Every structure is written in C-alpha cells, then in structure tokens.
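Down below is the structure, laid out as structure tokens.
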Amino acid sequence: MFKKREYLKNIEEILISKRQINKKIQEAAKWIDQTYENHDEEIVLVGLLKGCIPFVGQLVTQIERNVVLDFMVVSSFKGKEKAQGKPEIVTHINTDIKDKHVLLVEDIVDSGYTIKYVKDELMKQKPKSIKIITLLDKPTGRKVDLDVDYSCFIIPHKFIVGFGLDYKEKCRNYEFIGVLKKEVIEKGDL
Ligand code: IMP
Ligand code: MG
C-alpha cells in the first residue's frame, strides 16, 4: 500500500492548489457558456492529449450548453535533437468541424508553437471559428504571435508538473500544480 500522496516528496513548491484549480475551472465553464450564448452552431471542444485530460474532464461536466468532445495527439518536439517549433499531428480529430465553433483545450501554452500549428491546421477544415482555452499560460515564453482567448492561470517561466502536466510521462496524476525538486530532476528519481 502507498502512503497518502507519496508524490509530495518530489515537490519543491505547490504553485496552484486543488482548490484554486477547481474554482478557476468553474469560472472557465461559465466563460464558455457566455461566449457561445448567441451561437446556434455546434461547439466542438478539441483537447490536446495527454496533458488536457484532467482539465477538459472537469471542465466539460460544468458546461451547461450542448458540446461535442474530440481529441488530438500532437507531439511538440521539445528535445534538443529535434528542431524546436515543428509539432506533428499524430492523431487527428474524427469530428467534421466545417461551419462549427471549435474550442481548443490545452494544458499549457509556452512558446505557442504547438497550439498555433494545430489552429492553422484545423482552419483548413473551414470551421466557423476557433478559440483557445488553456489551463496555464507562460506568456514570457511566447515565440509566435498568438491570441489565447482564455487562460485560467498566468504563471512564471518555470517548469511545472501536475494536473495533467508531465515530467517524462510522470506526475500527470498530481492533484495540484507544482515545481519539482532539483535533485529529483537531476537524478530522474520519480
Ligand atoms: P509550446 O509549443 O512551447 O507552447 O509548448 C506546449 C507544450 O509543451 C505543452 O502542451 C506541454 O505539453 C509542454 N510544456 C510546456 N511547458 C511545460 C511545463 O512547464 N511542464 C510540462 N510540460 C510543459
Ligand atoms: Mg500539451
């Protein structure tokens, strides 16, 4: 048996608590209902896997109007060996978005390369509109000209984990957003 929240030992600092996340997601759902209030066309939420899962999962249950949910898998190529800023769509949506309103749901926007690329690709399918909502936004990291329509939290330029965000595929299950201890990253000891 695991001790309660065993992963707390990896954390230097909790940046955003579970309670703060819950509150912001409620507000974000209200923003969605208000934004599309006078639109009769279908709303398609497109989550970018895997980071979006806790965010979109919680968000979608609090939206009061009808929405459709779909997902994409996009690789961001953050590694040193690969050229930065060349994302690739690994799995595409199945939904026909022509003349519909698309809301892209991201875990975090940093340079903006990933989400801008996805937006430009989806534009080719002639949706009525595309907006972007993100749980976290690091505006100081931005490398492209991009409008994020709704950011739940603006955060400083730090590497963070939890609530969907990973370090080497771990930490996605943390109920808060936090900063890993340096020694944990150095040792890769998670
Ligand atoms: P961008 O293309 O630079 O905007 O990067 C976006 C993607 O990089 C996100 O969808 C995340 O998967 C990843 N990412 C950026 N910053 C962080 C972070 O601080 N922690 C974990 N993943 C991050
Ligand atoms: Mg992501």
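Scope of the values below: all heavy atoms of this structure, side chains included, with no hydrogens, waters or symmetry mates. Everything numeric here is computed off the predicted structure, so don't read it as measured data. Just follow the structure's listing: the first ligand is 1, and inside any ligand the first atom is 1.
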Can you tell me if G112 has a non-hydrogen atom under 4.0 Å from ligand 1? yes

Item checked: Verdict with supporting geometry, Q58 and N22, side chain to side chain donor-acceptor pair (under 3.5 Å) -> CA-CA 8 Å; Q58 200 166 316; N22 290 345; 2.8 Å; yes

inquiry  = Just checking K126: does its NZ atom have more than 12 heavy atoms from other residues, nucleotides or ligands closer to it than 6.0 angstrom?
reply    = no

Counting from 1 in the order shown, the ligand 1 atoms closer than 4.0 Å to a non-hydrogen atom of I160 are 18 (C), 19 (O), 20 (N), 21 (C)

Note: D110, heavy atoms under 4.0 Å from ligand 1, region reported as both

Note: D166, heavy atoms under 4.0 Å from ligand 1, region reported as backbone

Are the side chains of E106 and L136 in touch, meaning some heavy atoms are under 4.5 Å apart? no

- [ ] Using non-hydrogen atoms of the residue, decide whether V161 is closer than 4.0 angstrom to ligand 1.
- [x] no

Cationic N near anionic O, under 4.0 Å, E41 to K128
yes

inquiry  = Within the supplied structure, the quantity of interest is the number of heavy atoms (other residues, nucleotides, ligands) at a distance under 6.0 Å from R19 CZ; does it exceed 12?
reply    = no

Out of L165, I115, I108, the nearest non-hydrogen contact to atom 13 (C) of ligand 1 is supplied by I108

Ligand 1 to T114, heavy atom cutoff 4.0 Å, flagged ligand atoms 1 (P), 2 (O), 5 (O), 6 (C)

So for K138 against ligand 1, with non-hydrogen atoms under 4.0 Å, the contacting part is side chain

Per-atom filter on ligand 1: closer than 4.0 angstrom to a heavy atom of K158 are 19 (O)

For E106, the atoms of ligand 1 under 4.0 Å from one of its heavy atoms are 10 (O)

Taken in chain and number order and not counting sequence neighbours, the residues that satisfy side-chain contact (heavy atoms from CB on, under 4.5 Å) with Y7 are R5, N10, N173, Y174, E175, F176

Worksheet item: Which class fits the ring pair H101 and Y36: parallel under 30°, tilted 30 to 60°, perpendicular over 60°?
Response: tilted

